[in-house]
Amino acid sequence: MLITVIGGGAAGLMAATVAAWNGAKVRIIERKGKLAKKLLASGNGRGNFSNLDTNETHYYSNNLPFVKKVLDIFGVVQTLSVFEELGIMVKEKGTKLFPYTEKSKDIVTNFIYELEKHKVEVVLNFQVDQIIKDNEKFLIKGQHRVFQSDKVIVATGGNSSPQYGSNGSIFPTLQDLGHSIVELRPGLVPLKVRPHIDKDVAGSKLEGNVFLIDQNGEIVSKVYTGEILFKKDDVLSGIPTLELSNYVHQYLEQNTPLFLKIVPIPQHSHRSLVDFLTKKVRLKPERPIKLLLVSIIDERLIPYFLAKIGFEDLQAPVSSLTGKAIEMLAGKLKDWNFEVVGTTSWKDSQVSLGGINTTEIGPYTLESTIVHDLFFAGEVMDVAGESGGYNLQWSWSTGYLAGNSASSE
């Protein structure tokens, strides 16, 4: 029995390894010239491969019960068992899991050793253009070459980060086979906002609680805490922004106003902040207004922020501020709002929202319910996770189930 895994990322590596462990003859086909390019780049190369807090609430899908079933069968505990068998030492940082060296390359090295040990055939630089089911065999067609296989595991990813290999080119042939696609949208991606962000502000950061509100001021997302990075071209990035990007598409597509709200220094109430600023004014009354917020927010943000709320003379002494002005300043400081007008490109996205409709996939085997002996693993399905190791955990979970199911007689 020959199993062909299409896609040499995390899910593909897991699927191929498990199938080979089970004694199957395995082939991996990869579009790029190197295996696991996206995995190597994950978390800036540090390899945050899972999270102890993994459950379906950290995922986005039109079918969360499907996600729960998969994770209940093969979750973090089972992944750690496989990593132990691979010889990967693990460390915990909070709930996040890393290889002990914090190098994703070490994960890849151990998987590649298993592939070589079990004589898994690796075909690089091959673009799959078509998959055809011909009686009991699959024909996998690309330019100038056709591969035959008994079973196929599709682990090609979605559209995100195409520079690492996944470009969505597999979806038309999967539709030809009878599968439906939930529309793909970029996830974990920076947001385009207004009002305009001055170029002098690019590179500055603002830390606080971050969430989305609708035009009525209602919170419509989870609340995340962390750093927001101001970038050129009116773009906001940073982990909280990336997380919130997974919520925005339905509003953008319906032209419904949506706003990103940042609440800096959440540990301080409005009153304690007023008291702190009042004390600063009293201690150094000659201090220019532009220095009043130094040590509170990034210094590069101060002129931008003060201009936006109506302060024109930033050299005026703080003694010129009335109590009402200080109250207003403290209130605005804890209430930054930007209208979300779009996202940046697929190249900037870390995951794809959407993909193969999971109602057409068996949750216990990950076999297609439409095409016998066709299996799916990873991001190609309509499942995407938050940052923090959740997407790689989905790759390990689905890669294992698909590889194990495909290689079971």
Novice: Charged N to carboxylate O under 4.0 angstrom, Glu102 versus Lys93?
Specialist: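 Yes, charged N to carboxylate O under 4.0 Å.
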Novice: Kindly indicate, with the supporting measurements, whether the criterion salt bridge (charged side-chain N to carboxylate O under 4.0 Å, His left out) is fulfilled by Lys290 and Glu299.
Specialist: CA-CA 9 Å; Lys290 71 175 185 177; Glu299 191 169 353; over 6 Å; no
Novice: Less than 4.5 Å apart, any side-chain heavy atom of Val154 and any of Val152?
Specialist: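 Yes, close enough: below the 4.5 Å cut-off.
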Novice: Regarding Asn209 and Thr225, do their side chains bring together a donor and an acceptor under 3.5 Å, going by distance alone?
Specialist: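 On atom types as modelled, these side chains qualify, holding a pair under 3.5 Å.
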Novice: May I ask you to test the Phe66-Glu56 pair for a side-chain heavy-atom distance under 4.5 Å?
Specialist: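 Phe66 vs Glu56: side chains apart.
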Novice: Do Thr365 and Ser405 have side-chain atoms, one donor and one acceptor, less than 3.5 Å apart?
Specialist: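 Distance-only check fails for Thr365 and Ser405.
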Novice: Please determine whether side-chain hydrogen bond (donor to acceptor under 3.5 Å, both in side chains) holds for the pair Ser180 and Gln175, giving the CA-CA distance in whole Å, both sets of side-chain angles, and the decisive distance to 0.1 Å.
Specialist: CA-CA 6 Å; Ser180 59; Gln175 287 178 303; over 6 Å; no
Novice: Just by distance, no angles: are the side chains of Glu114 and Trp21 close enough, under 3.5 Å, to form a donor-acceptor pair?
Specialist: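 Judged by distance alone, the side chains do pair up.
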Novice: What is the ring orientation for Tyr59 with Trp394, classed by angle as parallel under 30°, tilted 30 to 60°, or perpendicular over 60°?
Specialist: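 Tyr59 vs Trp394 ring planes: tilted.
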Novice: Only pairs at least two apart or in different chains count here, so list each salt bridge (Lys or Arg N to Asp or Glu O under 4.0 Å) that has a residue in residues 242-265.
Specialist: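 Sorted result for residues 242-265: Arg185-Glu253, Lys261-Asp335.
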Novice: Answer with yes or no whether the side chains of Ser368 and Glu360 bring together a donor and an acceptor at under 3.5 Å.
Specialist: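 No.
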Novice: Kindly check if the number of other-residue, nucleotide or ligand heavy atoms within 6.0 Å of CD (Glu84) is above 12?
Specialist: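 Open: at most 12 neighbouring heavy atoms sit under 6.0 Å from CD of Glu84.
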Novice: Which pair of heavy atoms, one from Val263 and one from Lys334, lies closest together, and at what distance?
Specialist: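 What the structure gives for the nearest pair is CG1-O, 3.5 Å.
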Novice: ring-ring contact (aromatic ring centres under 6.0 Å, His included) between Trp396 and Phe74: does it pass, once the steps are laid out?
Specialist: CA-CA 8 Å; Trp396 310 133; Phe74 193 95; 9.6 Å; no
Novice: Counting only N and O atoms by type, is there a donor-acceptor contact under 3.5 Å from the side chain of Thr17 to the main-chain atoms of Met14?
Specialist: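 Answer holds: no.
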Novice: For Asp214 and Gly217, indicate whether the former's side chain and the latter's backbone hold a donor-acceptor pair under 3.5 Å.
Specialist: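 Here the side-chain-to-backbone pair exists.
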Novice: Using a strict threshold of under 4.0 Å (side-chain N to carboxylate O), is an ion pair present between Lys137 and Asp150?
Specialist: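 Yes, Asp150 and Lys137 are salt-bridged.
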Novice: Is there side-chain contact between Leu206 and Ile262, with at least one heavy-atom pair below 4.5 Å?
Specialist: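 SC-SC contact between Leu206 and Ile262 confirmed.
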Novice: Please check this pair: side chain of Asn48 against backbone of Lys96, looking for a donor-acceptor N/O pair closer than 3.5 Å.
Specialist: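 No, Asn48 side chain to Lys96 backbone: no donor-acceptor pair under 3.5 Å.
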Novice: For the residue pair Ser160 / Lys38, report whether a side-chain donor-acceptor contact shorter than 3.5 Å exists.
Specialist: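 Yes, because at least one side-chain N or O of Lys38 sits under 3.5 Å from a partner of the opposite role on Ser160.
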Novice: Is a donor on one side and an acceptor on the other found under 3.5 Å between the side chain of Thr109 and the backbone of Asp106?
Specialist: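 No; judged by distance alone, with no hydrogens or angles, the pair does not exist.
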Novice: Determine the interplanar angle of the Phe111 and Phe83 rings, folded into 0 to 90°, and report it as parallel if under 30°, tilted if 30 to 60°, perpendicular if over 60°.
Specialist: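 Geometry flag for Phe83 against Phe111: perpendicular rings.
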Novice: Can you check whether Phe126 and Phe147 have ring centres sitting under 6.0 Å from each other?
Specialist: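 Phe126 vs Phe147: aromatic centres under 6.0 Å.
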Novice: For Thr359, give me all partners under side-chain contact (heavy atoms from CB on, under 4.5 Å), at least two apart in sequence or on another chain.
Specialist: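 Thr359: side-chain contact (heavy atoms from CB on, under 4.5 Å) contacts with Asn63, Asn357.
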Novice: Kindly indicate, with the supporting measurements, whether the criterion side-chain hydrogen bond (donor to acceptor under 3.5 Å, both in side chains) is fulfilled by Ser169 and Gln127.
Specialist: CA-CA 9 Å; Ser169 59; Gln127 170 73 53; 2.7 Å; yes
Novice: Using the rule given for side-chain contact (heavy atoms from CB on, under 4.5 Å), can you reason through Ser349 versus Leu188, listing the C-alpha separation, both sets of side-chain angles and the distance that settles it, and then say yes or no?
Specialist: CA-CA 5 Å; Ser349 71; Leu188 295 180; over 6 Å; no
Novice: Hey, are the side chains of Leu212 and Leu258 touching, using non-hydrogen atoms and a 4.5 Å cut-off?
Specialist: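 A side-chain contact under 4.5 Å exists here.
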Novice: Answer with yes or no after comparing the ring centroid distance for His179 and Phe376 against a 6.0 Å cut-off, counting only values under it.
Specialist: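 Close enough - the centres of the two rings lie under 6.0 Å apart.
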Novice: Regarding Glu121 and Lys25, does a basic nitrogen lie under 4.0 Å from an acidic carboxylate oxygen?
Specialist: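 No, this pair does not count.
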Novice: Do the side chain of Ser237 and the main chain of Pro190 share a donor and acceptor less than 3.5 angstrom apart?
Specialist: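 Judged by distance alone, no pair lies under 3.5 Å.
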Novice: Is His249 reaching over with its side chain to a backbone N or O of Pro186, donor-acceptor style, under 3.5 angstrom?
Specialist: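 Flag set: sc His249 to bb Pro186 pair under 3.5 Å.
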Novice: May I ask you to decide if the ring planes of Phe230 and Phe338 are parallel, tilted or perpendicular, using 30° and 60° as cut-offs?
Specialist: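 Answer is perpendicular, since the angle exceeds 60°.
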Novice: With no hydrogens and no angle check, is any side-chain donor or acceptor of Thr95 less than 3.5 Å from a backbone partner on Leu52?
Specialist: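 Side chain of Thr95 to backbone of Leu52, a donor-acceptor pair under 3.5 Å: no, none is there.
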Novice: Under 3.5 Å, is there a donor on one side chain and an acceptor on the other for Gln350 and Ser161?
Specialist: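 Ser161 and Gln350 do not have a side-chain donor-acceptor pair below 3.5 Å.
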Novice: Can you tell me if Ser61 uses its side chain to pair, donor with acceptor, with the backbone of Val383 under 3.5 Å?
Specialist: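 Between the backbone of Val383 and the side chain of Ser61 there is no qualifying donor-acceptor contact (under 3.5 Å).
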Novice: Is a donor from one side chain sitting under 3.5 angstrom from an acceptor on the other, for Asn22 and Ser407?
Specialist: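 A pair is found: one side chain offers a donor N or O, the other an acceptor, under 3.5 Å apart.
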Novice: Verify, without hydrogens or angle tests, whether Ser397 (side chain) and Val70 (backbone) share a donor-acceptor contact under 3.5 angstrom.
Specialist: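 No; zero donor-acceptor contacts below 3.5 Å.
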Novice: Mind running side-chain contact (heavy atoms from CB on, under 4.5 Å) on Phe49 and Val90 for me, showing each step along the way?
Specialist: CA-CA 10 Å; Phe49 69 85; Val90 172; 3.7 Å; yes
Novice: Got a salt bridge between Glu327 and Arg271, using NZ or NE/NH1/NH2 to carboxylate O under 4.0 Å?
Specialist: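 Salt bridge flag = yes for Arg271 with Glu327.
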Novice: With a cut-off of 6.0 Å (strictly less than), are more than 12 heavy atoms of other residues, nucleotides or ligands near CG of Leu40?
Specialist: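 Yes - once you tally the heavy atoms of other residues, nucleotides and ligands closer than 6.0 Å, there are more than 12.
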Novice: Would you say the side-chain atoms of Thr369 pair up with the backbone N or O of Gly362, donor to acceptor, closer than 3.5 Å?
Specialist: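 Checking the backbone N and O of Gly362 against the side chain of Thr369, no donor-acceptor pair under 3.5 Å is found.
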Novice: So, His58 and Asp53: side-chain donor and acceptor under 3.5 Å apart, yes or no?
Specialist: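 Distance-only check passes for His58 and Asp53.
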